[in-house]
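Inspection log for the structure reproduced underneath, given as structure tokens.
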Protein chains: 2
Amino acid sequence: MTTMQDVATRAGVSAKTVSRVFNDDPHVTEDTRERVQSAMRELKYVPNMLARTFREGKSAVIGIAVPDVADPFFAAVTKGIELAAREHDMAIVVTSLGDNPSLEQSIIESTVRRQIDGLIIAPIATDQSYLSRWQDSFPIVFIDRIPTKLNADYFVEDDFGGAFEATQHLIAHGHRRIAIVGDSTDVPTTRLRLEGYRAALDDAGLENDEELIALGSRDTDAAAQVCKNLLALPDAPTAIFSSNARFSTGVFPALQALNRTDIALISFGDFPMADVLQPSVSVIDQDPRQVGRVAAERILARIAAPTKRFRRKNVIPVKLIERQSCQSVRAPSASAAMQ
Amino acid sequence: MTTMQDVATRAGVSAKTVSRVFNDDPHVTEDTRERVQSAMRELKYVPNMLARTFREGKSAVIGIAVPDVADPFFAAVTKGIELAAREHDMAIVVTSLGDNPSLEQSIIESTVRRQIDGLIIAPIATDQSYLSRWQDSFPIVFIDRIPTKLNADYFVEDDFGGAFEATQHLIAHGHRRIAIVGDSTDVPTTRLRLEGYRAALDDAGLENDEELIALGSRDTDAAAQVCKNLLALPDAPTAIFSSNARFSTGVFPALQALNRTDIALISFGDFPMADVLQPSVSVIDQDPRQVGRVAAERILARIAAPTKRFRRKNVIPVKLIERQSCQSVRAPSASAAMQ
DNA sequence: AAAATCTATGTCATCGATGACATGAGTTGC
DNA sequence: GCAACTCATGTCATCGATGACATAGATTTT
């Protein structure tokens with residue numbers, strides 16, 4: 001590993017002068033500059049960023065913590081963050097939080113030790129108060145899910161609005177018995193989506209049948225099972241609102257396996273191939289890449305202007321993409337109910 | 001930011017003693033240890049990893065460079081690497097190389113400056129000789145694509161074998177005119193898959209019709225277009241071998257749009273929802289998570305035993321997952337040709 | 001009892017780059 | 001001709017943690 005001192009010796013100057021050349025300090029003669037530069041080339045000098053950033057106390061790194069990097073939604077968010085970060089020569093350190101909320105804090109702490117300059121987190125636990133001690137060391141931005149027991153910037157999708165619109169859409173297509181499938185209401189996102197769902201039903205004067213509220217699934221397979229159970233009910237739903245994209249990839253195959261593609265389906269969150277499935281699946285689209293970008297830009301803005309005030313709570317609008325999965329009224333009981 | 005010195009002052013000892021307590025050095029009296037520990041707690045001391053790793057010259061970070069983090073294949077690879085890395089308390093710095101080969105080197109260099117302890121790369125350029133200068137600083141492992149103009153460890157899927165098997169599978173189902181769709185043959189991976197395809201045709205005594213070799217697409221949309229052109233040929237193919245998963249997500253919708261799901265399709269690389277499409281798509285499965293894990297383990301093994309010798313070239317077997325998309329002979333011309 | 005050994009703790013230097021400040025040579029102005 | 005400046009370059013200290021080595025008591029060995 002070549003250091004500045006090595007280059008300095010080779011060029012017959014002091015390390016400081018090499019530093020000056022490297023940082024384009026104007027107070028260096030053309031002659032010296034050239035000698036240093038060729039020494040750098042000969043020795044293939046590559047700066048040790050660790051040394052520089054350690055001195056600055058910063059690392060030029062944005063930490064990212066999401067439930068799962070391999071999830072298409074978070075993968076796209078990560079991409080958005082990366083592209084924004086690169087424009088400022090910052091790198092990203094990515095961490096998956098997994099699905100065990102009790103590990104969140106320790107995973108985050110091991111990231112924080114690396115002196116990150118900012119943290120973007122989509123939390124899985126129900127208490128982020130442990131983050132407060134770092135709030136004046138570096139900016140923290142929440143995405144997808146709002147912080148709990150902590151005040152911090154966040155960028156979330158319009159969970160309530162999207163769920164409301166999705167449910168309303170199903171109602172407009174004649175459905176009266178609409179189920180909601182999703183994970184636990186411990187997740188604020190899910191809670192809001194449930195509220196949106198309820199509000200839409202209320203708005204239409206429809207009953208909130210608790211039997212149709214099938215939340216609490218832990219993974220895709222569980223969601224598929226829940227879906228099967230719903231359809232086995234005496235008074236089964238004619239439509240399903242899947243409150244997150246990951247579970248939709250479980251619900252859809254389940255419907256297909258039961259040969260019940262007559263059941264309408266709408267998904268909160270687009271997912272790969274949703275547009276070419278048969279029937280193609282209507283979704284509430286969230287534009288994850290954009291979420292990543294705005295979160296990264298907020299981090300960068302806060303780094304650049306630590307005292308400036310910003311809007312804490314940011315709700316990103318979502319968009320209904322209508323496809324086939326709830327286009328026609330396929331539910332006989334629903335049309336009967338309309339009379 | 002609390003430093004060891006702060007803790008030391010609070011506990012009335014020297015920084016070194018704090019360091020000893022932190023690193024479980026046995027030469028500390030129980031009394032001192034407790035005093036230091038409670039000082040740490042009171043001051044919420046979090047070690048500055050940057051300082052420690054800077055001193056060691058290492059960063060406890062594995063760099064990952066892939067064409068696109070948001071691609072499901074590479075997202076899964078990344079996850080595999082992350083899980084293996086975490087077991088050794090290492091973090092991952094992820095970078096997307098994009099699709100401009102001329103940027104590869106500079107993107108890698110900015111990652112290397114961070115004193116990474118290892119690099120896992122799925123390259124996009126056709127010359128990695130620039131990496132040679134770091135080969136004795138830290139281990140480098142290639143995945144998915146073999147290095148060009150450089151000797152380094154690699155873990156690739158069995159491109160030739162997988163393509164051979166896929167093509168043979170189509171042939172076994174009665175297809176005689178089989179097209180191959182994919183990106184440029186500049187990509188070694190694609191070249192090998194083309195060879196596997198050709199070998200299978202040769203084996204079966206079938207002609208290699210250059211008209212059916214439709215490589216060189218740059219993205220998903222281009223692949224879709226190529227697919228349309230193929231079907232417009234006077235003597236159109238009855239089956240398509242899509243040489244990568246990303247393009248399959250373009251080819252499938254194209255077939256669907258043309259209402260030509262009678263055309264058999266097999267994809268090199270599984271992709272989300274491939275199993276629930278109609279028809280579900282047969283694939284050559286690569287197990288990206290495992291690729292990530294073995295690559296990470298190699299990096300860790302090389303760090304642990306720098307002089308030990310390892311197998312450089314590693315080919316990971318692939319597995320044909322048979323689904324509906326080429327189950328039955330739907331190609332009339334093919335069955336006619338069999339007579 | 002002196003010497004050898006061990007124990008708990010401290011002091012100092014170090015990793016690489018870079019700010020603060022110093023130095024010495026050259027230039028300008030009166 | 002010398003003060004006042006400018007400019008190129010050097011020296012030193014620093015960031016936080018930690019190895020190498022030192023020291024001062026306590027304990028054991030002979």
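Because the structure is a prediction, the values reported are computed rather than measured. Computation of the quantities below employed the complete heavy-atom set of this structure, encompassing side-chain atoms and omitting hydrogens, waters and symmetry-equivalent molecules. A, B, ... follow the sequence lines: proteins, then strands. Residue 1 opens every chain.
- For the contact set between residues 38-47 of chain A and DNA chain C, defined by any heavy atom under 4.0 Å, the members are A:Tyr45, A:Pro47.
- Here the shortest heavy-atom pairing between A:Asn48 and A:Leu50 reads OD1-N, 2.9 Å.
- Side chain of B:Asn48, nearest nucleotide from D:dA8, C:dA17, D:dA17: D:dA17.
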Between B:Asp99 and B:Ile124, does a side chain to side chain contact (heavy atoms under 4.5 Å, CB included) hold up when you go through it step by step? CA-CA 7 Å; B:Asp99 52 14; B:Ile124 55 166; 5.7 Å; no
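- Spacing between atom CZ of A:Phe54 and atom P of D:dT14 amounts to 13 Å, rounded to whole angstrom units.
- Between B:Ser110 and B:Arg114, the shortest heavy-atom contact is O-NE, 3.8 Å.
- Atom CE in A:Met4 sits about 15 Å away from atom P in D:dT9, given to the nearest Å.
- Rounded to whole Å, the distance from CG on B:Asp31 to C1' on C:dT9 is 13 Å.
- The heavy-atom pair separating A:Met4 from A:Ser19 by the smallest distance is CE-CA, 3.5 Å.
- Residue B:Thr53 is classed as having no contact, given no heavy-atom separation below 4.0 Å to the nucleic acid.
- Against DNA chain D, the stretch residues 6-18 of chain A makes heavy-atom approaches under 4.0 Å through A:Val13, A:Ser14, A:Lys16, A:Thr17.
- Residue contacts shown for B:Arg55 include a base, since a base heavy atom lies under 4.0 Å away.
- What separates CE of A:Met49 from P of C:dA17 is a distance of 12 Å, to the nearest Å.
- A salt bridge between A:Asp68 and A:Arg246 is absent, with no side-chain N of the basic residue lying under 4.0 Å from a carboxylate O of the acidic one.
- When the nucleotides C:dT9, C:dA13, D:dC15 are ranked by their closest atom to the side chain of B:Thr29, C:dT9 comes out on top.
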Steps toward side chain to side chain contact (heavy atoms under 4.5 Å, CB included) verdict (A:Leu43, A:Arg10): CA-CA 9 Å; A:Leu43 299 173; A:Arg10 170 70 148 251; 3.7 Å; yes
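- In this entry the distance linking CG of B:Leu50 with P of D:dG16 reads 11 Å, nearest Å.
- Across the interface with DNA chain C, nearest-nucleotide mapping of B:Ala51 and B:Thr32 shows B:Thr32 to be the residue nearer the 5′ end.
- To the nearest angstrom, P of D:dA17 lies 15 Å from CZ of A:Arg114.
- As rounded to whole Å, 17 Å separates atom P of D:dG16 from atom CZ of A:Arg113.
- Taking every heavy atom of both residues into account, B:Ala152 and B:Ile140 meet most closely at CB-O, 4.2 Å.
- B:Arg86 has a carboxylate O that lies under 4.0 Å from a charged side-chain N of B:Glu82, or vice versa, which qualifies the two as a salt bridge.
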Given A:Asn314 and A:Arg298, is the side chain to side chain contact (heavy atoms under 4.5 Å, CB included) satisfied, shown in steps? CA-CA 11 Å; A:Asn314 303 271; A:Arg298 169 60 58 86; 3.9 Å; yes
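- A salt bridge does not link A:Arg52 with A:Glu56: every distance from a Lys NZ or Arg NE/NH1/NH2 to an Asp or Glu carboxylate oxygen is 4.0 Å or more.
- B:Asp31 and B:Thr29 form no side-chain donor-acceptor contact under 3.5 Å, judged by distance and modelled atom types alone.
- One can place CD of B:Glu56 at 7 Å from P of D:dG19, the figure rounded to the nearest angstrom.
- Taken residue by residue, residues 19-28 of chain B places heavy atoms nearer than 4.0 Å to DNA chain D at B:Ser19, B:Asn23.
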Tell me, with the steps shown, if A:Val112 and A:Phe138 meet side chain to side chain contact (heavy atoms under 4.5 Å, CB included). CA-CA 10 Å; A:Val112 168; A:Phe138 53 84; 3.9 Å; yes
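- Distances shorter than 4.0 Å separate none of the side-chain N or O atoms of A:Thr3 from OP1 or OP2 on C:dC15.
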